[in-house]
Asker: 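First the structure, then my questions, so here it is.
Scope of the values below: all heavy atoms of this structure, side chains included, with no hydrogens, waters or symmetry mates.
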Amino acid sequence: MYEGAGTCYARDGVTFLNLFDADEYAECRKENLFYPFASREEWEVADFLLCSPLSMAAINQFLGLPMILRLKLSFHNAKELQSRAEMLPKGPSWKDPVECLESLFSNPLFHDQLDFVPRRVYTTSARLLRVYSEWLTSDSAWEIQDQLPRGATVLGTVLSSDKTNITNMTGARLAHPLLLGLANIRMSTRTKLSSRAFLLTALLPIPEYLYPKQRMRGMLEDHLMHECLSIVLKPLMIAAEIGIMMSDPVGNACMLACVRRKTSPFTLASVHSPFWKDWPLADPSVFLTPEPLHHWHKEFYDHDLQWCLIVVGAQELDFRISILQPTVGYRHFHGGISKSKQVTGRVHRDIQRYIIGLIAGAAPRRFVVAIHALMDVQYMAQSPSPDENLLAHIDRSLSIFHKNKDIILSLGAWMGTKKPIDNWFIPKLELMQSITASSRKVGALIKWSADTTEHAHISEIKDPARHTNNNDYDPQICRHLDRQEKLRHFAIATALKSSGAHSNSEEFLEDEVDEEDDEDCDEVTDPRTALLEELNHTHITTNYFSKARQLVATRRDNISHPPRTFIAASTAIHLNFSPTRTGLKIDEVADDFNIPDLRQVLSDFLQRDMRNGEAGHGLGVPRRSLIDRPSTLPFERIQVWHVVRLQQTVHASPPSPVRHQVCELQLIMRPVPWRRSHITWHDQYLCYVHSFKMGVIDPVTEMHVLKCAKHANGAPVGDIVPLGQLRAFIHIIPQLGPVADARLTKANSTHYHSSFFLNKYFDKQIYDALSQG
């Protein structure tokens, strides 16, 4: 930790609730907390209507319904409702970035998500391997703190500016928003789309130029943008020069110095006076970082994928990706990828999952090596906590690409509009050379991705525009955002006050220390955190670990089945309470699922289960070695599930194939005992699987090769394993060779192949685990 940084000068600073209590109607709220509304219920109705997409006419119609009239609300139409909303405490002023920054800094939603002191993080106490994650763990934060007075707190300002369409299909109306964020908010919160960690600070002008040449119009537009930013950000520049006092969410007063970051790409063609010219501590080589969405994913689609389409052939590559077995929750490109229109960053990522396995065998060896080296760079660079070892691997992969990139030009894959290009003037590719340097300077680069700010265009521009009369958009967007900001702040303040969760700062700090000490605590213990998360209106993912623990704590002995949700090692496993099919005879299931040896493998499993007890069950155990196999099974019917959900702990990595086995899940079942009979086996959920043999790592793709395990007669080797031995889902890609068989479809492509790639690019966690393995 940087000693002497982030000093608290007072504990009685102006907090979010202090500002709420200083409003002109604060006296009225002493008797009625929800003033200007008559009660909590009336406020909830008003908040629902004002946050809904309903037009004023629709709101009037709703308020005129007989049932609603019987509620005797204090407002009777949309105009009166909006006038009530105007009486709520206001948010930050427009055109003042310092107030926007202060609003983020003191927001109770971020009370436990702010960092104030630069620090250097290492993997061990020996301090041999440096880790770069949050911005304050980077070299630049430490260097900036060196230049500030002792006790000052450094704030990183994130600016994003990009044009966006207001209207779709018609009108061609554009807006140019300037968004402001705070780099001190931890990346897990700031990059979360629902956190609303970016505020609209200004709408920049979009003039129409009369000069006929496009190049000159672009230069004039760049000049105008930098001039506008200089005007809008003037208060922030002054704050960066002389410092400013602000209070954090619990009232600790800090002396702040503001520095800046930037996320959106822009040009500097002939701009001799950029807007950061007079900013102290502003270094373009530091804050102009590689940006994942535009510089990596867009680079892949614009260049890497286009090279693959030319080398492999658009028709062949389209067919290869269309015959991959569909995966639930992931996009399937049934129509190919060569003719995709309006491609988004999400599509770029989806194609990246499959491309290496698809071109292997169809493209020259060195071409595949070059493409997968670039893919490795992109996957490794997205790590939320890269260390020096990972950065060295990134440099090594870039070196491999440069050693093999000549094959791309030799094959004529780098095409212009009419003829092949014989140079490497690709700015996005050039920016990849600065990934490791930028990671050390500003921390993990994934947190600077424009995904969050691009999505903010929806909440800050597009959604407000839908509430306008489609004329003179800018002032109406601003008024709508002002109203929404008032509603949000009022909801937070009234919730905190009515719940009594606004304790003093000393109690708050004690709570934080307790939470840090209890690293194994899965549940939220701070009532403020729980309350504010509830106010965030976010989709909450079910925590199956907590659900499993609750089932164990409340489970009654008279329940006749094992729990549907349970924990196995670092994985939580969940089945629906009701089976998909129940009471089926074993032979019926064998016919329906084409598992002719189901009865035999069940018998083998029970024999091993009696011998091994609670020990793990391996795959491919020779059946001839099993003697005294029971002639009949102690059950005749089974329950069947079609869906299983796996959830891993945050810190757990998917298993490495070196220590685990890979199989194809065919059936999930539970034996049902004879009526009025006692269970003589271990009652648990079972899986029927087909085994794979783990082969060597393919030297071209650096992916593991899997071979289907088969009997002498060519039938696949089937086994029964407990469901609790599942650890992670993986994806496989058939080795299609130089030309894919035209008879293949998405339904039979895995059935008619016996050799596959274990696709390490399918998921970032899987990539990390397989790369380490």
Side-chain angles (χ1 to χ4, degrees), residues 263-265 289-314 317-318 320-321 324 330-331 333 336-360 362-363 366-383 393-394 397-402 404-405 407-409 411 413-416 421 424-436 438-439 445-446 448-451 454 700-703 731 733 757 759-764 766-768 771:
T263 63
S264 297
T289 65
E291 191 274 304
L293 180 63
H294 296 94
H295 296 160
W296 302 344
H297 301 304
K298 192 71 164 62
E299 184 278 334
F300 163 79
Y301 188 82
D302 290 345
H303 302 291
D304 304 13
L305 180 60
Q306 306 310 315
W307 300 336
C308 294
L309 287 169
I310 292 174
V311 172
V312 177
L317 193 54
D318 284 343
R320 285 173 174 246
I321 200 169
L324 291 180
Y330 295 87
R331 177 167 178 171
F333 296 91
I337 54 179
S338 64
K339 297 181 180 179
S340 301
K341 303 295 182 183
Q342 295 182 335
V343 178
T344 63
R346 175 72 177 271
V347 177
H348 298 164
R349 295 176 178 89
D350 288 338
I351 299 174
Q352 289 171 3
R353 302 178 195 275
Y354 313 111
I355 193 67
I356 302 302
L358 293 176
I359 65 174
R366 292 184 62 222
F367 179 85
V368 178
V369 169
I371 298 300
H372 99 68
L374 283 182
M375 191 66 64
D376 285 341
V377 171
Q378 295 188 17
Y379 270 67
M380 288 187 288
Q382 294 178 67
S383 170
H393 282 297
I394 292 175
S397 292
L398 283 171
S399 177
I400 292 173
F401 167 75
H402 289 302
N404 292 275
K405 66 182 181 183
I407 188 67
I408 299 173
L409 299 184
L411 295 172
W414 182 203
M415 287 291 296
I421 298 175
W424 288 103
F425 299 150
I426 304 176
K428 291 183 177 70
L429 194 60
E430 178 65 25
L431 279 170
M432 285 190 176
Q433 312 308 309
S434 61
I435 286 176
T436 55
S438 291
S439 296
L445 299 182
I446 188 63
W448 308 118
S449 176
D451 289 274
E454 293 281 348
V700 179
T701 62
E702 295 187 356
M703 291 193 288
H731 184 261
I733 297 178
F757 288 119
N759 185 11
K760 69 177 182 179
Y761 298 102
F762 189 69
D763 178 86
K764 292 177 187 175
I766 293 292
Y767 176 84
D768 292 339
S771 297

Asker: Would a distance-only check, ignoring hydrogens and angles, find a side-chain to backbone donor-acceptor pair under 3.5 Å from Ser383 to Met380?
Answerer: no
Asker: Answer yes or no: is there a donor N or O on one side and an acceptor on the other, between the side chain of Asp318 and the main chain of Ser338, under 3.5 Å?
Answerer: yes
Asker: Taking all non-hydrogen atoms of both residues into account, name the closest pair between Ala413 and Ile310 and its distance.
Answerer: O-CD1, 3.2 Å
Asker: If you define the side chain from C-beta out and look only at heavy atoms, does anything of Lys298 sit under 4.5 Å from Glu291?
Answerer: no
Asker: Quick check for you: to the nearest 0.5 Å, what is the distance between Ile400 atom CD1 and His402 atom NE2?
Answerer: 11.5 Å
Asker: Find out whether Phe757 and Ile356 are in side-chain contact, i.e. whether some heavy atom of one side chain is under 4.5 Å from a heavy atom of the other.
Answerer: no
Asker: To the nearest 0.5 Å, what is the distance between CD on Glu299 and CG on Leu431?
Answerer: 10.0 Å
Asker: Within a strict 4.5 Å, meaning less than it, do heavy atoms of the Arg331 and Arg353 side chains meet?
Answerer: no
Asker: Would you say the side chain of Arg349 lies within less than 4.5 Å of the side chain of Leu293, judging by non-hydrogen atoms?
Answerer: yes
Asker: Do the non-hydrogen side-chain atoms of Ile733 and Phe762 ever get within less than 4.5 Å of each other?
Answerer: no
Asker: Using every non-hydrogen atom in the two residues, find where Leu409 and Ile421 come nearest and quote the distance to one decimal.
Answerer: CD2-O, 3.3 Å
Asker: If every non-hydrogen atom of Ser397 is compared with every non-hydrogen atom of Ala373, which pair is closest and at what distance?
Answerer: O-CB, 3.5 Å
Asker: Less than 4.5 Å apart, any side-chain heavy atom of Ile426 and any of Asp302?
Answerer: no
Asker: For the atom pair CD1 (Ile321) and CD1 (Ile359), what is the distance rounded to the nearest 0.5 Å?
Answerer: 11.5 Å
Asker: Might you work through the side-chain contact (heavy atoms from CB on, under 4.5 Å) test for Trp424 and Glu430, ending with a clear yes or no?
Answerer: CA-CA 9 Å; Trp424 288 103; Glu430 178 65 25; over 6 Å; no
Asker: Look at the aromatic rings of Phe333 and Tyr354 and report parallel, tilted or perpendicular, splitting at 30° and 60°.
Answerer: perpendicular
Asker: Under 6.0 Å between the ring centres of His372 and Tyr761?
Answerer: no
Asker: One pair to check against side-chain contact (heavy atoms from CB on, under 4.5 Å): Ile371 and Trp307. What are the steps and the verdict?
Answerer: CA-CA 9 Å; Ile371 298 300; Trp307 300 336; 3.9 Å; yes
Asker: Looking at Leu358, is its backbone amide N or carbonyl O close enough to the side chain of Arg320 to form a donor-acceptor pair, meaning the two atoms are under 3.5 Å apart?
Answerer: yes
Asker: Measure the OH-CD distance between Tyr301 and Gln306 for me, rounded to the nearest 0.5 Å.
Answerer: 6.0 Å
Asker: How close do Lys428 and His294 get, counting heavy atoms only, and between which atoms?
Answerer: CE-O, 3.0 Å
Asker: Do you know which two heavy atoms are closest between Pro290 and Pro292, and how far apart they sit?
Answerer: O-CD, 4.0 Å
Asker: Are the side chains of Met375 and Phe300 in touch, meaning some heavy atoms are under 4.5 Å apart?
Answerer: yes
Asker: If we ignore angles and hydrogens, is there a donor and acceptor under 3.5 Å between the side chains of Asp376 and Tyr767?
Answerer: yes
Asker: Which pair of non-hydrogen atoms, one from Val368 and one from Ala360, has the smallest distance, and what is that distance?
Answerer: CG2-CA, 4.3 Å
Asker: Mind checking the CD1-OG spacing from Ile766 to Ser771? Nearest 0.5 Å is all I need.
Answerer: 10.5 Å
Asker: Just checking Trp296 against His348, ring centres under 6.0 Å apart?
Answerer: no
Asker: Evaluate the side-chain contact (heavy atoms from CB on, under 4.5 Å) criterion for residues Ile337 and Val343: first the C-alpha distance (whole Å), next the side-chain angles of each, then the deciding distance (0.1 Å), finally the verdict.
Answerer: CA-CA 10 Å; Ile337 54 179; Val343 178; over 6 Å; no
Asker: Taking Met432's backbone N and O only, do any of them form a donor-acceptor pair with His295's side chain (distance below 3.5 Å, no angle check)?
Answerer: no
Asker: Would you compute the distance between atom CD1 of Ile435 and atom CD of Gln382 and round it to the nearest 0.5 angstrom?
Answerer: 9.5 Å
Asker: Taking the side chain as everything from C-beta on, heavy atoms only, tell me whether Ile355 gets closer than 4.5 Å to Leu317.
Answerer: yes
